[in-house]
Amino acid sequence: MGQELLEVMGEMILLHDKLIVLSEEKKEALVERDVKRLTEIMNKEKELLQKLRVNEEKRQQMTENLAGRDQTLKQVLGLLSPPVKRMVENRAADLKEKAEKLQSMNNVNEELLRDGMAFVHHMIGHLTTTNQSITYGRPNQKPLQTPRGYFDTKA
């Protein structure tokens with residue numbers, strides 16, 4: 001059972017590595033505002049996350065089989081032989097490190113996405129509202145209509 005747990009954790013580490021690479025590519029796509037590439041990356045990411053979810057369910061099932069329901073990996077470690085225990089601890093530490101790195105990268109990407117959206121909203125605001133009259137008129141005369149922006153947002 002320990003070997004199976006090691007295999008599942010090893011696969012989870014590989015999936016995290018792939019997600020980290022995709023996260024870097026996503027960062028570049030966000031900076032370059034490459035929507036097509038971003039969509040492709042997100043589709044790949046979705047597939048990897050599904051595989052990761054399946055592996056996590058396997059890991060939880062193995063943990064449950066070894067130590068009973070609602071047990072953590074730390075509680076399972078006491079049931080494993082010392083060499084397997086060390087390998088599981090190492091993989092768990094590696095997995096935790098990669099998950100934290102991925103979370104950090106996702107936070108950066110989220111901030112880039114927010115900045116990009118703020119820029120788009122700002123530009124839309126400039127394109128849809130204006131306070132200047134497009135035609136000449138008397139300085140004291142009020143405009144007959146409210147001035148519209150370059151785009152009519154109610155259309």
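Numbers here simply count residues along the sequence, with the first being 1. Note that these values count all heavy atoms, side chains included, but never hydrogens, waters or copies made by symmetry. What you are looking at is a predicted structure, and each value in this text was computed from that prediction instead of being measured.
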### Query
Going through the checks in order, is the side-chain hydrogen bond (donor to acceptor under 3.5 Å, both in side chains) test met by Asn65 and Gln61?
CA-CA 6 Å; Asn65 291 344; Gln61 185 64 43; 3.1 Å; yes
### Glu32/Arg37 salt bridge by N-O under 4.0 Å criterion
yes
### Query
Does the Thr63 side chain pair with the main chain of Arg59, one donor and one acceptor, at a distance under 3.5 Å?
yes
### Message
Rounded at 0.5 Å granularity, tell me how far CG in Leu52 sits from CD in Glu11.
### Response
9.5 Å
#### Entry: Main-chain N/O of Met12 paired with His16 side-chain donor or acceptor, under 3.5 Å
yes
## Note on the structure
CD1 (Ile20) and CG (Leu48) are apart, to the nearest 0.5 Å, by 11.5 Å
### Message
Run the salt bridge (charged side-chain N to carboxylate O under 4.0 Å, His left out) test against Asp17 and tell me which residues pass, sequence neighbours left out.
### Response
Lys98
### Task
Establish whether Met62 and Val84 are linked, either directly or via other cluster members, by ILVMFWY side-chain heavy-atom contacts under 4.5 Å.
yes
### Task
Using the test salt bridge (charged side-chain N to carboxylate O under 4.0 Å, His left out), find all partners of Glu57 that sit at least two apart in sequence or belong to another chain.
none
### Message
Go through it in stages, so that I can follow the logic: the residues are Lys101 and Glu97, the test is side chain to side chain contact (heavy atoms under 4.5 Å, CB included), and I'd like the CA-CA distance, side-chain angles, deciding distance and then a yes or no.
### Response
CA-CA 6 Å; Lys101 181 176 181 178; Glu97 178 186 320; 5.8 Å; no
#### Entry: Donor-acceptor under 3.5 Å (Arg91 side chain, Leu6 main chain)
yes
### Message
What I want to check is whether the side chains of Asn107 and Gln103 have a donor and an acceptor closer together than 3.5 Å.
### Response
yes
### Query
Is the backbone of Leu30 close enough, under 3.5 Å, to the side chain of Asn109 for a donor and an acceptor to pair up by distance?
no
### Query
Is Phe119 reachable from Leu38 through a run of I, L, V, M, F, W or Y residues, each pair having side-chain heavy atoms under 4.5 Å apart?
no
### Query
For the hydrophobic clusters of this structure (ILVMFWY residues joined by side-chain heavy atoms under 4.5 Å, transitively), does one cluster hold both Ile41 and Val31?
no
### Task
Please determine if Glu47 and Lys44 form a salt bridge, counting it only when a charged side-chain N lies under 4.0 Å from a carboxylate O.
no
### Message
Holding to ring-ring contact (aromatic ring centres under 6.0 Å, His included), I want the full list of residues that pass it with His121, two or more places apart in sequence or in another chain.
### Response
none
### Message
Would you say that Leu22 contacts Lys26 through its side chain, given a criterion of any heavy-atom pair below 4.5 Å between the two side chains?
### Response
no
### Task
Taking the side chain as every heavy atom from C-beta outward, state whether Val54 and Lys58 have any atom pair closer than 4.5 Å.
yes
### Message
What's the separation between atom NZ in Lys27 and atom CG in Leu113, rounded to the nearest 0.5 Å?
### Response
14.5 Å
### Message
Could you check whether any side-chain N or O of Ser23 sits under 3.5 Å from a backbone N or O of Leu19, counting only pairs where one atom can act as donor and the other as acceptor?
### Response
no
### Query
Are Arg114 and Glu111 close enough for a salt bridge, meaning some N to O gap below 4.0 Å?
yes
### Query
When rounded to the nearest 0.5 angstrom, what is the spacing between CG in Asn90 and NZ in Lys85?
12.0 Å
### Query
Between atom NZ of Lys51 and atom CG of Leu14, what is the distance when rounded to the nearest 0.5 Å?
11.0 Å
### Task
Find the distance between CD (Glu7) and CG (Asn55) and round it off to the nearest 0.5 Å.
11.0 Å
